[in-house]
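Reading through the structure tokens given below for one structure.
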Number of protein chains: 2
Amino acid sequence: MVSSKDVAKYAGVSQTTVSRVLNTPERVKEPTYKKVMAAIEELNYIPDANARSLVQQKTDTIALISGPLYNPFFVETTSSIVNYANENGFKINVHFSKNENITDTYHSIFENKVDGIILSSILLEDPIFEKLEKSGIPFITYNRKHESNKNFVEMNNEQAGFLAADYLLSLGHDKICWVGGPLEISTFKGRYDGFLRAFQKNGVAVEQERVFLTDTSKKQLHETFLKMEMLEEKPTAIYAATDAIAIQMMDFYISAGYRVPEDISIIGIDNVEIGQHASINLTTVGISSSMNLGQLAIETLIDMIHEKNKPCIQITKAVRLFERKTTMSRRRV
Amino acid sequence: MVSSKDVAKYAGVSQTTVSRVLNTPERVKEPTYKKVMAAIEELNYIPDANARSLVQQKTDTIALISGPLYNPFFVETTSSIVNYANENGFKINVHFSKNENITDTYHSIFENKVDGIILSSILLEDPIFEKLEKSGIPFITYNRKHESNKNFVEMNNEQAGFLAADYLLSLGHDKICWVGGPLEISTFKGRYDGFLRAFQKNGVAVEQERVFLTDTSKKQLHETFLKMEMLEEKPTAIYAATDAIAIQMMDFYISAGYRVPEDISIIGIDNVEIGQHASINLTTVGISSSMNLGQLAIETLIDMIHEKNKPCIQITKAVRLFERKTTMSRRRV
DNA sequence: CAATAAAATGGTTACGTAACCATTTTGAGT
DNA sequence: ACTCAAAATGGTTACGTAACCATTTTATTG
């Protein structure tokens with residue numbers, strides 16, 4: 001592999017001069033500059049960013065740990081994060097969080113001496129949070145947060161949970177099934193808390209047999225669908241803790257011959273783009289901004305990287321209801 | 001930042017011994033091993049992967065240049081690529097190709113001395129291909145290829161184009177609009193060639209006013225939709241060169257009050273997962289395999305990285321029609 | 001117990017780049 | 001033409017890790 005030492009020898013100058021040609025060309029005489037550039041072209045020399053990182057103690061790299069892309073929420077946030085970071089001179093190492101190797105993922109990220117970490121993989125109680133803090137690397141969590149309540153960007157999940165449930169209850173539904181994810185995750189915990197508060201406010205009891213916790217995989221969602229089919233009193237509404245879950249439940253219900261919302265109402269949370277598609281038209285709750293949580297988080301993180309002073313970031317965006325076509329008043333027969 | 005030299009000094013051994021503890025612990029006496037590990041824990045030492053890369057002349061990193069994630073095809077391939085690579089000890093630097101900064105993207109990738117490059121951004125005629133070859137870095141293109149016909153994984157685009165058009169023609173449609181992308185891209189060129197061949201085989205003339213080339217953005221697709229609405233003889237079928245285009249055109253048509261397929265048939269190509277959703281049910285053409293092109297490409301690339309001998313990879317997967325619910329026989333009134 | 005071989009540990013250098021300091025060259029002023 | 005300051009270029013070292021070679025320690029064998 002060609003190095004700047006090779007270029008120097010070929011051009012008849014010092015390695016220092018080659019480095020100056022690339023980095024501070026104004027400090028190099030024109031004839032010398034041309035001679036070195038010709039050598040660079042001739043030898044097809046490309047500087048080594050890893051060696052540079054060693055010297056300058058920065059990598060211009062950010063590590064992203066996203067949720068899985070079968071959730072369109074993460075499709076949108078991943079796009080925003082990668083594009084914004086690239087536009088600001090950062091490379092992005094992407095990882096999709098998987099519980100079975102998250103430790104290896106974190107280890108790999110720390111070894112890479114990244115300049116920042118943006119993640120949506122943290123649990124309410126997670127020992128990694130302390131390690132993140134001790135590492136000294138600027139980091140931010142999006143769509144999730146640690147119980148310490150630091151360094152996060154999120155929507156108001158409790159408010160979202162409340163609005164969605166309150167809306168269904170206001171339509172007359174009381175046989176509502178909750179389909180969510182693990183309550184060790186702040187997103188689901190917050191939305192479930194809101195769900196409970198809405199029921200309490202409306203004086204309606206929550207029936208535990210109608211609460212389904214899943215790992216949000218298609219497989220477990222299908223099992224949940226089958227369980228709901230077996231209920232003595234079938235639900236009249238599905239409260240899905242995310243739009244991804246809602247869209248997947250729609251698939252199961254429509255495939256089974258149900259009409260949405262005539263036979264069953266379905267609501268989600270997140271307000272993902274695909275939910276606005278004319279053949280889906282998902283009623284949902286989400287933030288009003290055109291900027292998604294990933295965009296907000298990466299902009300905040302890059303500020304943190306540049307400014308080196310780390311005020312504690314705590315951003316919680318308000319939400320609102322987006323009433324579309326997958327919900328209607330409970331049919332009375 | 002704590003280095004192995006600091007650990008060595010703290011533990012009272014040499015830096016060589018610290019390196020051995022981490023890499024070949026079997027060559028270190030147990031008491032020495034324990035002493036060094038205690039120092040590592042105490043100092044919270046994390047090895048520097050960049051320095052290691054300098055020594056070992058490998059980075060365990062692969063660069064991915066994907067298409068944009070508003071195309072679900074790239075959602076699926078990005079997932080597969082990142083997950084498979086991580087499982088095989090590689091990190092992935094992700095870029096989403098944008099014409100306006102593709103040169104910077106390539107430059108950044110070369111500087112990072114990645115071990116392999118997997119890309120879906122190449123044009124039929126693209127000077128970057130020669131640079132890729134000269135770099136000596138193993139690389140593979142997926143879903144697209146260069147005119148040199150080397151180092152690619154693709155579906156048979158001409159066959160896909162033919163099958164989709166032939167199918168629409170067999171349903172009696174002859175007012176078919178093609179909505180595709182730039183023909184400088186092998187994917188669209190191949191599919192269009194197949195489209196033309198089907199028309200020729202069926203003895204039907206292609207009307208150029210019904211051929212729409214776009215950059216596949218929602219904006220230009222909407223403009224195309226408006227243009228089609230203005231046609232004297234409106235189309236009875238939309239042949240979308242990708243499922244993403246098809247799903248977007250469905251959105252426009254349904255929002256405008258049309259029923260799919262009663263009022264207009266729509267077909268796509270790629271067979272993306274969301275196309276099987278019960279409220280979309282897209283008729284499409286795609287590969288039969290459970291393994292998507294991204295999965296196939298990354299497995300092939302990692303083989304190339306490990307084996308250092310580079311037989312010229314040329315993989316073209318056969319396709320078939322998936323008849324679902326967005327197409328029906330042309331209505332005769 | 002001594003010699004020798006194996007095991008364990010240490011020292012030096014290189015990987016490529018750039019920061020820092022030194023030296024040489026060039027140009028301006030008297 | 002000489003002197004001095006500025007500009008241009010060069011030399012050395014460090015960043016952190018590991019490969020390679022050297023030295024020391026330990027264990028085995030006669």
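Every chain is numbered from 1 and lettered A, B, ... according to where its sequence line falls, protein lines coming before strand lines. Here the structure is a predicted model, which is why all the values come from computation and not from measurement.
For C:dA19, the OP1/OP2 oxygens have a side-chain nitrogen or oxygen of A:Gln56 closer than 4.0 Å. Between B:Asn50 and D:dC15 there is no side-chain N or O to OP1 or OP2 distance below 4.0 Å. Phosphate proximity of C:dT17 to A:Ser4: present, with a side-chain N or O under 4.0 Å from OP1 or OP2.
The distance between the ring centers of B:Phe129 and B:Phe139 falls below 6.0 angstrom.
The distance between atom CD of B:Gln15 and atom P of C:dA14, rounded to the nearest whole Å, is 15 Å. Protein atom CD1 of A:Ile40 is 10 Å distant from nucleotide atom P of C:dT17, rounded to whole Å. As a whole-Å value, the separation of A:Arg27 CZ from D:dA6 P is 15 Å. Computed from coordinates, the B:Arg20 CZ to C:dA8 C1' distance equals 8 Å when rounded to whole Å. Counting to the nearest Å, the C1' atom of C:dA18 and the CG atom of B:Leu54 are 13 Å from each other. One interatomic measurement links the two molecules: NZ of A:Lys35 to C1' of D:dA8, which rounds to 12 Å at whole-angstrom precision. One atom, NZ of A:Lys58, and another, P of C:dT17, lie 15 Å apart when rounded to the nearest Å. Between B:Gln57 atom CD and C:dT13 atom P there is a gap of 20 Å when expressed in whole angstrom units.
Comparing D:dG10, D:dT17, C:dT17 against the side chain of A:Ser14 picks out D:dG10 as the nearest. Nearest nucleotide to the A:Arg52 side chain, out of C:dA8, D:dT17, C:dT17: C:dT17.
No engagement by A:Tyr33 is indicated, since no non-hydrogen atom pair under 4.0 Å with the nucleic acid exists. Contact annotation for B:Val13: backbone-only contact, meaning every heavy-atom pair under 4.0 Å involves sugar-phosphate atoms and none involves a base. Among the protein residues, B:Thr16 comes within range of the nucleic acid bases, having at least one heavy atom under 4.0 Å from a base atom. Across all strands, B:Val28 comes closer than 4.0 Å only to sugar-phosphate atoms, never to a base (heavy-atom distances).
We find the CZ-CG distance between B:Phe152 and B:Asn143 to be 12.0 Å, quoted to the nearest 0.5 Å.
Checking B:Thr32 against A:Val55, the closest nucleotide of DNA chain C that is more toward the 5' end is the one next to B:Thr32. Where A:Val2 and B:Thr17 meet DNA chain C, the nucleotide closest to each residue was compared, and B:Thr17 sits on the side nearer the 5' end.
Taking a 6.0 Å sphere around NZ of A:Lys35, one finds it holds more than 12 heavy atoms contributed by other residues, nucleotides or ligands.
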Evaluate B:Glu30 against B:Lys34 for salt bridge (Lys or Arg N to Asp or Glu O under 4.0 Å), listing each step before the verdict. CA-CA 6 Å; B:Glu30 185 84 355; B:Lys34 285 184 153 93; 2.9 Å; yes
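Two residues are said to be in side-chain contact when any heavy atoms from C-beta on lie closer than 4.5 Å; B:Val2 and B:Asn44 fail this criterion.
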